[in-house]
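To start, the structure under review is shown below, and the notes come after it.
Every value quoted in this text rests on a predicted model; they were computed, and no experiment measured them.
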Amino acid sequence: QNMNRWQQIRWTIPLLLRDAVRLCLFVLCLSPGFARFCFYYTFPSRRIVRTYAHDSWRQSLDIYKPQQQQQRQRHERAPLLHHESSAPVVVFFTGGAWCIGYKMWGALLARALTAAGILVVIPDYRNFPTVCIPDMVKDVESSLLWVRDHIEHYGGDPNKIVIVGQSAGGHLACTLLLKKAMEQAALEQEEGEQQNRNDEPQASPSPSSSLKPTDFRGFVSLSAPYDLNAMQSSIRRHGLHDEIVDRVFDGQVNAYTPSRMAEACRQEGFDLSEILPPTLLLHGTRDVTVPHYGSALFYRQLQAIMRKNASALNFTSYQGWSHTDAILEMPMNANHQFHKDVFHAVKEWTSSTDLEWPDQDAVITKRLCPAWLVSLGQSVNPF
């Protein structure tokens, strides 16, 4: 057994070294952009840090207020009253392969969306090996509960919250939404059966203490892994063997795989059209970390369980984009297509007709990194 384990590890070492070298070159190429990225996160962002749970220092979140709110507060030297101007809210869960995720990775999205009048919240969550996927999903739930119950005090509208997730963050948020939707569908099915039998209905959980998918106005998922079993070859190409993935998921890969959950809904006959929020799936066609076809397949699975509200489900492909283009290379090169797609989804789903995309704002028009360095970085990108 030890020999087999060594053989498994031995073939992964060259792949890990290869990706490590490419990652170093990637960071080096984009270093001017990363420097400005870090500067923004540290100083001009004026982010507010709050704690949503107390099991770990990682259970905190950053709140980025819209530029208009920040300017008004600086001029008036007074806190914003939430009845004056409640902004729509985006809660963004960053990626990081469940191992290296950090809330700072979402600063570029916050920089763009706050210029467009949207309040952005970026929660952190515990990573492997400190915890496994089930506890990460609990962190996502706890942070969303905190946002729903407290964001009004920071100028956000609790009735206009949109969830956005990238890669591992998209997987965790999607898993939570499906889990809660399945629980709600099963409860409604049970209540219907009780009514048919004329039984006394059971008390449902208090809305104030439980999370429901209907609490949110929409969900945007970018480059997320929806079927871990179908991704085995892709995972191995990056030097990770099956045993590591099994450990990350605490031996419960199928229970926390969105495609398996969607298939279970179909088999149970659940229609989640009125439970799941409007959903937009986004994916780059040149993604070698999480292959594009996974999103296409998951989109068809969602269509099967959202039959009565097909218009609430959309899938967009970014032609020629890698796993990180939407969140790093493109914004650094003043291409904010992903941010713009999120903006338009938020505007539509929250009926925020007063929002305008800031085409002429320097945040949108200025490059953070020379175009030739971005192109060079894309050529060595290991993702």
Open item on the list: Evaluate Arg50 against Tyr154 for side-chain hydrogen bond (donor to acceptor under 3.5 Å, both in side chains), listing each step before the verdict.
Closed with: CA-CA 11 Å; Arg50 291 293 179 267; Tyr154 299 89; 2.8 Å; yes
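- Aromatic ring orientation, His171 versus Trp98: perpendicular (interplanar angle above 60°, classes split at 30° and 60°).
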Can you give me every donor-acceptor pair (side chain of residues 340-349, partner residue at least two apart or in another chain, under 3.5 Å) with its distance?
| residue | atom | partner | partner atom | Å |
| --- | --- | --- | --- | --- |
| Asp341 | OD1 | Gln337 | NE2 | 2.9 |
| Asp341 | OD2 | Tyr318 | OH | 2.6 |
| Lys347 | NZ | Leu355 | O | 2.9 |

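- Using the six-membered ring where Trp is involved, Trp146 and His150 have ring planes that are parallel, under 30° apart on the 30 and 60° scheme.
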* Asked: Would Thr257 and Ser259 satisfy side-chain hydrogen bond (donor to acceptor under 3.5 Å, both in side chains), going step by step from the backbone distance to the final call?
  -> CA-CA 6 Å; Thr257 294; Ser259 64; 5.7 Å; no
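- To the nearest 0.5 Å, the span separating SG on Cys369 from CE on Met332 amounts to 6.5 Å.
- Judged by distance alone, the side chains of Tyr125 and Thr94 never bring a donor and an acceptor atom under 3.5 Å apart.
- When hydrophobic clusters are built by joining Ile, Leu, Val, Met, Phe, Trp and Tyr residues whose side-chain heavy atoms come closer than 4.5 Å, directly or via intermediates, Val27 is grouped together with Met330.
- Linking ILVMFWY side-chain heavy atoms closer than 4.5 Å, directly or via other members, places Trp321 and Tyr293 in two distinct hydrophobic clusters.
- Evaluation of the salt bridge (Lys or Arg N to Asp or Glu O under 4.0 Å) test over residues 99-110, restricted to residues two or more places apart or in two chains, returns Asp62-Lys103.
- There is no path of hydrophobic side-chain contacts, each under 4.5 Å, that joins Tyr102 to Phe39.
- The salt bridge (Lys or Arg N to Asp or Glu O under 4.0 Å) pairs that include a residue from residues 113-136 are Arg58-Asp124, Arg126-Asp139, Asp135-Lys138, where partners are two or more places apart or lie in different chains.
- Linking ILVMFWY residues whenever their side-chain heavy atoms come closer than 4.5 Å, directly or via other members, leaves Val253 and Leu297 in distinct clusters.
- Between the side chain of Arg148 and the backbone N or O of Leu145, no donor-acceptor pair lies under 3.5 Å.
- The backbone N or O of Val290 lies less than 3.5 Å from a partner atom in the side chain of His283, making a donor-acceptor pair.
- Electrostatic pairing of Asp271 and Arg307 counts as a salt bridge here, judged by a charged N lying under 4.0 Å from a carboxylate O.
- In this pair, Phe37 and Phe34 present their aromatic rings perpendicular. The plane angle is above 60°, beyond the 30 to 60° band.
- Cluster annotation: Leu176 is connected to Leu313 through the hydrophobic network of ILVMFWY side chains, with a link wherever side-chain heavy atoms come within less than 4.5 Å.
- A distance of 6.0 Å or more separates the ring centres of Tyr299 and His292.
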Listing, residues 370-383 side-chain donor-acceptor contacts under 3.5 Å, not counting sequence neighbours, or none:
| residue | atom | partner | partner atom | Å |
| --- | --- | --- | --- | --- |
| Ser375 | OG | Ala371 | O | 3.2 |
| Gln378 | NE2 | Asp325 | OD1 | 2.9 |
| Ser379 | OG | Leu376 | O | 2.5 |
| Asn381 | OD1 | Phe383 | N | 2.7 |
| Asn381 | ND2 | Ser322 | OG | 3.2 |
| Asn381 | ND2 | Thr324 | OG1 | 2.8 |
| Asn381 | ND2 | Glu329 | OE2 | 2.8 |

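- To the nearest 0.5 Å, atoms SG (Cys174) and NZ (Lys179) are separated by 13.5 Å.
- Counting heavy atoms from C-beta outward, Pro213 and Gln184 have side chains that approach closer than 4.5 Å.
- Screening residues 291-302 for salt bridge (Lys or Arg N to Asp or Glu O under 4.0 Å) gives no qualifying pairs among residues at least two apart or on separate chains.
- For His323, the side-chain hydrogen bond (donor to acceptor under 3.5 Å, both in side chains) partners are Ser167, Asp287, not counting sequence neighbours.
- More than 12 heavy atoms of other shown residues, nucleotides or ligands fall within 6.0 angstrom of atom CD in Glu183.
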